[in-house]
Amino acid sequence: MATPDGMLVEVPFDGDFSLGDTLKSGQIFHWEAITFGGIDGYAGCIGDGPPAFVTQDASGVVRTLAPDAGRVGRYFGLDHSSASVRAAFPANDPVLAEAIAFCSGIRVARQPLWECLATFITSSLKQVAHIRAMSLTLRSRFGERHEFAGHHFHAYPTPEALAAAGEAALRECGLGYRAKSLHLAALAVSTGAIDLAAVEAEPSLARAREQLLALHGVGDKIANCALLFGAGHWDAFPIDVWIERILRDLYRKRVKGAKLQAWAEKHFGPHAGYAQQYLFHFARKTL
DNA sequence: AGTCAGGCAACGC
DNA sequence: GCGTTGCCTGAC
């Protein structure tokens with residue numbers, strides 16, 4: 001199946017963007033590297049929609065198949081400029097400046113909240129490769145199936161599908177003790193015990209986080225990840241072991257827990273979560 | 001074989 | 001409050 005270049009349309013953006021770094025930055029786990037019509041790129045489902053194919057050439061130009069330019073741009077956060085993101089960062093922060101220089105092309109993507117929350121519930125005490133494996137297994141067993149370029153792709157399973165599957169079937173996807181949390185979350189969403197649309201519409205970070213914390217298996221870290229990557233809360237600052245290392249070793253912070261969280265949110269400001277993404281990638285590659 | 005990994009909840013003090 | 005412990009699994 002040949003892919004004439006004419007089928008590809010450009011996805012415009014302002015500032016820096018690295019598709020590869022963004023897909024490897026620990027926020028999206030299910031995209032696959034494929035070759036389509038002789039062009040190397042990545043493909044994956046965007047929310048409940050069909051898979052999209054995205055490619056970035058050596059000069060940085062991003063292309064996708066018509067008519068996907070709009071939804072691809074929104075998904076990868078290409079509809080805001082990287083300069084506007086950084087304008088809200090602290091002025092005198094050499095560590096952050098170095099992290100940005102190291103991986104300036106990372107964007108915070110916009111995933112659907114349920115998919116994002118569920119994926120991070122399964123992420124507890126797991127490495128990226130494991131999180132990816134669990135996501136792909138859950139998708140292939142319980143998610144809607146699509147075909148593209150001779151490959152199969154699966155949307156993330158709906159809360160209803162995971163609630164109906166039962167905890168034991170989720171455990172068989174390699175989730176271990178996380179199966180209980182994921183199943184309870186699927187039940188809570190599908191029965192309306194928690195309203196994710198309301199969480200998404202809640203402008204207050206603290207109030208949105210409070211709603212997510214009511215779920216079993218969701219603590220500060222996972223709640224902040226879900227809000228940052230799945231609800232546009234750029235003020236959410238997830239602290240995992242890598243960020244804790246950076247704050248301790250490079251920022252010389254000696255406090256932990258809620259105190260550290262409060263310091264970080266104040267220091268990094270309204271786009272703290274975006275700063276966290278640069279720092280996280282920087283820490284993982286260099287510490 | 002043992003350790004460890006991008007947490008959380010339940011418990012003890 | 002604050003520190004400990006158990007929890008499933010796969011990779012080294």
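Each chain gets a letter, A, B and so on, in the order the sequences are listed, and its residues count up from 1.
At the heavy-atom level, A/G26 lies under 4.0 Å from base atoms of the strands shown. At the heavy-atom level, A/V218 lies under 4.0 Å from the strands shown only through sugar-phosphate atoms.
Panel note: side chain A/Q56, backbone A/G20; no donor-acceptor pair is recorded below 3.5 Å. Judged by distance alone, with hydrogens and angles left aside, the side-chain atoms of A/R178 form a donor-acceptor pair with the main-chain N or O of A/S124 at under 3.5 Å. A/E10 places no side-chain N or O within donor-acceptor distance of the main-chain N or O of A/V61, the cut-off being under 3.5 Å. Side chain of A/S135 to backbone of A/I131: no donor-acceptor contact under 3.5 angstrom is found.
Of the C1' atoms belonging to B/dG6 and C/dC2, the separation is 23 Å, rounded to the nearest Å. Taking atom P in both C/dC8 and B/dC11, one finds a spacing of 15 Å when rounded to whole Å.
Ion pairing between A/R209 and A/E265 holds under the 4.0 Å rule for side-chain N and carboxylate O.
A side chain to side chain contact (heavy atoms under 4.5 Å, CB included) with A/Y42 is found for exactly one of A/I34, A/L23, A/T55, A/I28, namely A/L23.
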Measure all distances between protein nitrogen or oxygen atoms and nitrogen or oxygen atoms of nucleotides 10-13 of chain B, and list the pairs falling under 3.5 Å.
none

Between N or O atoms, less than 3.5 Å apart, protein on one side and nucleotides 1-3 of chain C on the other: list the pairs.
none

Quiz item: How does protein reach along nucleotides 7-12 of chain C, written 5' to 3' as B (base within reach of a heavy atom under 4.0 Å), S (only sugar-phosphate), or - (no contact)?
Solution: BBBSS-

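When rounded to the nearest whole Å, the span between CG of A/D240 and C1' of B/dC4 equals 16 Å.
Once rounded to the nearest 0.5 Å, the distance linking CG of A/L212 with CG of A/L117 reads 6.0 Å.
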